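In this text, all values refer to a predicted model and were calculated from it rather than measured experimentally. Each chain gets a letter, A, B and so on, in the order the sequences are listed, and its residues count up from 1.
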Number of protein chains: 2
Amino acid sequence: MSEQERRPFVSARTVAERAGVSRSAVSRTFTDGASVSEETRRKVLEAASELGYHVNHLARGLRERSNIVCLVVADMTTPIRARLVDVLTRKLQAAGKVIMIINTGTDEESVASALRQTLNYRADATVVLSGTPSAKLIETSLANGQQVVLINRDDPLTGCHNLSVDNEMGGREAFFLLRRAGCKRLALVTSTASTASLLERERVFVEVAKEAGMDVTVMAAGPTNYASGYESARRLFGRSDGPDGVFCVTDLLALGFMDAARHEFGLSLPGDLCLVGFDDIDEGDWQSYKLTTFAQPFAAMGDHLVELLGQTVPAETGRRIFEPIPIWRKSVRPSAE
Amino acid sequence: MSEQERRPFVSARTVAERAGVSRSAVSRTFTDGASVSEETRRKVLEAASELGYHVNHLARGLRERSNIVCLVVADMTTPIRARLVDVLTRKLQAAGKVIMIINTGTDEESVASALRQTLNYRADATVVLSGTPSAKLIETSLANGQQVVLINRDDPLTGCHNLSVDNEMGGREAFFLLRRAGCKRLALVTSTASTASLLERERVFVEVAKEAGMDVTVMAAGPTNYASGYESARRLFGRSDGPDGVFCVTDLLALGFMDAARHEFGLSLPGDLCLVGFDDIDEGDWQSYKLTTFAQPFAAMGDHLVELLGQTVPAETGRRIFEPIPIWRKSVRPSAE
DNA sequence: ATGACGCTTGCACACAAGTGCATTTGCATC
DNA sequence: GATGCAAATGCACTTGTGTGCAAGCGTCAT
């Protein structure tokens with residue numbers, strides 16, 4: 001007992017001995033299309049079931065692809081991230097992949113160590129949902145035959161696939177929503193985490209507003225969360241002339257913003273203030289909020305991801321843009337024509 | 001090109017050839033405490049870095065433990081689940097484990113197939129956060145030397161560790177909170193998903209109330225989510241005498257309940273209605289809610305989990321109960337002595 | 001009866017690591 | 001310079017698979 005310690009995982013050899021056949025027979029029994037007689041197949045399956053045998057995919061992964069896909073993610077508790085992880089894991093599993101998750105920080109060193117682990121486990125592909133790996137790390141992954149997919153990371157990196165929601169369209173449409181609602185004093189609320197996605201939404205919103213001859217006050221009070229949105233509203237409405245039309249680059253920011261506007265300043269929506277978010281998290285549909293926003297088409301992105309990984313010959317890399325879907329609720333006045 | 005297809009993962013042999021040493025030397029370089037001269041170590045590291053070599057943990061896992069821990073979970077998008085997954089992945093990673101996630105349904109067949117996959121990948125341990133595996137499946141896992149840990153699944157299954165929040169205390173304290181607030185007409189809101197945890201909270205709450213001579217209306221309108229809480233409130237306040245003290249077995253239910261009470265029936269909290277939740281999700285602290293609730297001590301549970309898995313000799317199995325932490329906010333009147 | 005053909009089956013090798021054991025090397029001491 | 005000792009190194013075996021190759025066996029047609 002003290003000698004064998006703990007290696008009780010039953011292997012194909014044990015099954016073979018019990019079934020009175022060769023180990024090859026066991027292997028073939030569990031391989032589709034291999035040549036085994038009905039008789040030995042039966043014996044093998046019986047012995048396997050008695051012993052509780054399960055094929056060792058680690059060993060199998062030594063020869064062929066491992067079927068492991070690594071998800072690198074930070075801020076998993078954020079509703080939008082949780083949903084993305086949920087959708088992707090479901091779709092990947094359905095496609096026969098196994099998901100290894102690496103919960104990391106967004107700083108470069110954390111991502112780097114995550115990438116290295118991905119290689120240690122011979123993952124077929126790495127999907128990065130947060131943070132941005134260095135170009136060198138990606139090169140190493142590619143050199144090892146691994147696919148790299150970035151989701152909603154707009155940084156231009158060669159050699160990897162890039163799935164992203166159309167942030168440009170988001171920023172533009174958000175502006176038009178507010179203008180159609182007749183808003184005069186615009187503000188944009190973002191976070192101090194300068195993600196490329198968020199920056200893009202901000203850039204386009206401000207740009208389009210400027211083209212239309214309108215100024216935009218930009219506010220960033222902290223990380224991308226409820227509290228920062230709340231604080232942004234306090235600062236904006238603490239001034240003499242607060243905005244009457246606001247685009248929060250994230251729903252979470254928007255909900256915090258809305259709560260502060262209502263509870264601290266007694267504003268009502270969409271009367272005194274029109275508010276647009278981005279992401280379409282569940283909470284935005286709650287009765288206390290009913291936030292008008294844009295949904296990220298995660299299902300479509302997941303399908304595309306599966307398609308990419310399914311190809312034996314790696315597809316051409318590049319960007320693939322997905323249109324956000326406008327979700328009309330009650331935080332913006334209907335068009336005041 | 002068509003012949004070698006894609007197996008470009010660089011192995012120790014390639015590194016050895018490049019460095020002009022034996023493969024053993026490479027292996028030893030990456031093994032702590034192995035005997036290698038400074039000279040060859042340098043050569044190996046240099047070659048490894050040039051080729052982008054990473055030790056294959058799959059192959060390593062053939063001989064010793066794989067260091068893989070499987071997380072079986074459903075409803076990942078639920079805030080409380082997302083946080084649990086987040087905490088556990090962080091703690092396990094910090095302890096050198098690698099996390100494989102299986103996003104499954106709660107039905108027995110889904111869980112069974114998840115458990116099988118766990119075995120396929122020789123995970124050292126399986127941690128079940130949702131659903132309940134059959135006793136037979138658990139037996140197979142144990143027979144294969146795998147540890148099984150159930151979290152917040154109160155079902156009595158032998159051979160596996162059981163970490164759980166103290167639901168009994170939750171139900172009891174919830175009642176006392178409401179009684180101290182002077183509530184007369186009690187109700188309990190739960191879901192139609194009869195999880196052992198939820199049933200336990202319900203059972204104790206009703207029992208303690210009965211001992212104190214108070215009746216409890218029990219309401220379950222659907223799955224454990226916001227919408228069910230909302231619907232429960234509509235039904236309860238649609239009657240002649242709605243409750244003035246409610247325990248929702250989940251924060252998500254509580255938030256939906258609160259929104260309906262306020263927006264559909266114009267009730268104010270804690271004046272007309274006292275409300276207690278359970279879980280302490282972030283949303284409960286938002287300005288629109290400020291829900292009084294009980295926090296699940298996930299950090300402590302994670303620490304204990306790591307401790308369990310760290311032991312070379314599997315610890316004695318059994319239940320370990322963690323006390324929930326009362327979170328005072330504004331949905332319950334302060335004690336009316 | 002014999003050869004052809006097809007289905008099974010086992011051997012042996014490959015995959016990528018770690019490690020016990022024996023051998024070689026290097027260095028210091030007598 | 002020979003001897004002793006420790007450090008370094010390489011061989012070969014181990015882990016659990018999948019599979020090419022060749023041998024074995026049975027059936028059928030000539």
Side-chain angles (χ1 to χ4, degrees), chain A residues 3-44 47-48 51-68 119-124 144-145, chain B residues 3-44 47-48 51-68 119-124 144-145:
Chain A
E3 199 60 7
Q4 62 195 42
E5 280 188 346
R6 54 195 312 282
R7 194 189 311 135
F9 267 106
V10 26
S11 77
R13 199 177 57 196
T14 323
V15 177
E17 282 165 11
R18 175 132 183 173
V21 300
S22 80
R23 197 189 54 73
S24 306
V26 178
S27 181
R28 283 191 243 264
T29 300
F30 292 100
T31 307
D32 279 354
S35 167
V36 209
S37 74
E38 208 47 52
E39 168 67 5
T40 56
R41 173 187 213 81
R42 195 189 48 72
K43 284 193 289 187
V44 168
L51 294 169
Y53 169 72
H54 291 77
V55 177
N56 187 337
H57 282 38
L58 262 46
R60 173 183 279 174
L62 281 186
R63 321 188 74 250
E64 28 207 289
R65 36 183 19 206
S66 65
N67 267 336
I68 296 176
L119 290 169
N120 281 330
Y121 280 88
R122 280 358 183 207
D124 293 342
N144 276 283
Chain B
E3 199 60 9
Q4 60 196 43
E5 278 186 348
R6 55 195 311 282
R7 193 188 311 134
F9 267 106
V10 26
S11 77
R13 198 176 58 196
T14 323
V15 177
E17 283 165 10
R18 175 129 183 178
V21 299
S22 79
R23 198 190 55 73
S24 306
V26 178
S27 183
R28 284 191 242 265
T29 300
F30 291 100
T31 307
D32 279 354
S35 167
V36 211
S37 75
E38 208 46 53
E39 169 68 6
T40 55
R41 174 185 212 82
R42 194 190 50 72
K43 283 194 288 187
V44 167
L51 294 168
Y53 169 71
H54 290 76
V55 176
N56 186 338
H57 283 39
L58 263 47
R60 171 184 283 172
L62 281 186
R63 319 187 78 249
E64 28 207 295
R65 37 184 18 207
S66 65
N67 269 334
I68 296 176
L119 290 169
N120 281 331
Y121 280 88
R122 284 347 185 216
D124 293 342
N144 276 283

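The minimum heavy-atom distance linking A:Y53 with A:V26 is given by the pair CE2-CG1, 4.3 Å. Scanning all heavy atoms of the two residues, the minimum distance from B:L119 to A:H54 falls at CD1-CE1, 3.3 Å. Across every non-hydrogen atom of A:V21 and A:T40, the tightest pair is CG1-CG2, 4.2 Å.
Taking atom OH of residue B:Y53 and atom C1' of nucleotide C:dA17, one finds them 7 Å apart after rounding to whole Å. Here C:dC27 presents its P atom at 15 Å from CD of B:E38, a figure rounded to the nearest Å. The interatomic distance linking A:R28 (CZ) with D:dT19 (P) rounds to 9 Å, in whole Å. In this structure, B:N56 atom CG and D:dT15 atom P are separated by 18 Å, rounded to whole Å. For A:R41 and C:dT8, the CZ to P distance is 11 Å, given to the nearest whole Å. For the pair B:E39 CD and C:dT24 C1', the interatomic distance rounds to 17 Å; values are reported in whole Å. Rounded to whole angstrom, the span from the CG atom of B:L62 across to the P atom of D:dT17 amounts to 9 Å. Rounded to whole Å, the distance from CZ on A:R60 to C1' on C:dA16 is 17 Å.
Within the nucleic acid shown, A:F30 has no heavy atom closer than 4.0 Å to any nucleic acid atom. Looking at heavy-atom distances under 4.0 Å, B:R23 makes contact with a base. Contacts of A:T31 with the nucleic acid, taken as non-hydrogen atoms under 4.0 Å apart, involve only primed sugar atoms and P, OP1 or OP2. At the heavy-atom level, B:R122 lies under 4.0 Å from the strands shown only through sugar-phosphate atoms. Among the atoms of the strands shown, none is found under 4.0 Å from any heavy atom of B:V26. Using a 4.0 Å heavy-atom criterion, one finds that A:S24 contacts the bases of the nucleic acid, with or without backbone contacts as well. Across all strands shown, A:S27 has heavy atoms under 4.0 Å from base atoms, whether or not it also approaches the sugar-phosphate.
Side-chain atoms of A:S66 come within 3.5 Å of backbone N or O of A:R122 as a donor-acceptor pair. Looking only at distances, a side-chain donor or acceptor of B:N144 sits under 3.5 Å from a matching main-chain atom of A:G52.
Note on B:R13: a side-chain N or O is less than 4.0 Å away from OP1 or OP2 of C:dC15. Taking 4.0 angstrom as the limit, A:Y121 places none of its side-chain polar atoms (N or O) nearer than this to OP1 or OP2 of C:dA17. Between A:S37 and C:dT9 there is a side-chain polar atom (N or O) within less than 4.0 angstrom of OP1 or OP2.
Here OH of B:Y121 is found 8.0 Å from CG of B:L58. Values are rounded to the nearest 0.5 Å.
Distance from the side chain of B:E64 is smallest to C:dT19 among C:dA17, C:dT19, C:dT9.
Nearest-nucleotide positions on DNA chain D for B:S22 and B:A59 put B:S22 closer to the 5' end.
For A:R63 against D:dG16, no side-chain N or O and base N or O form a donor-acceptor pair under 3.5 Å.
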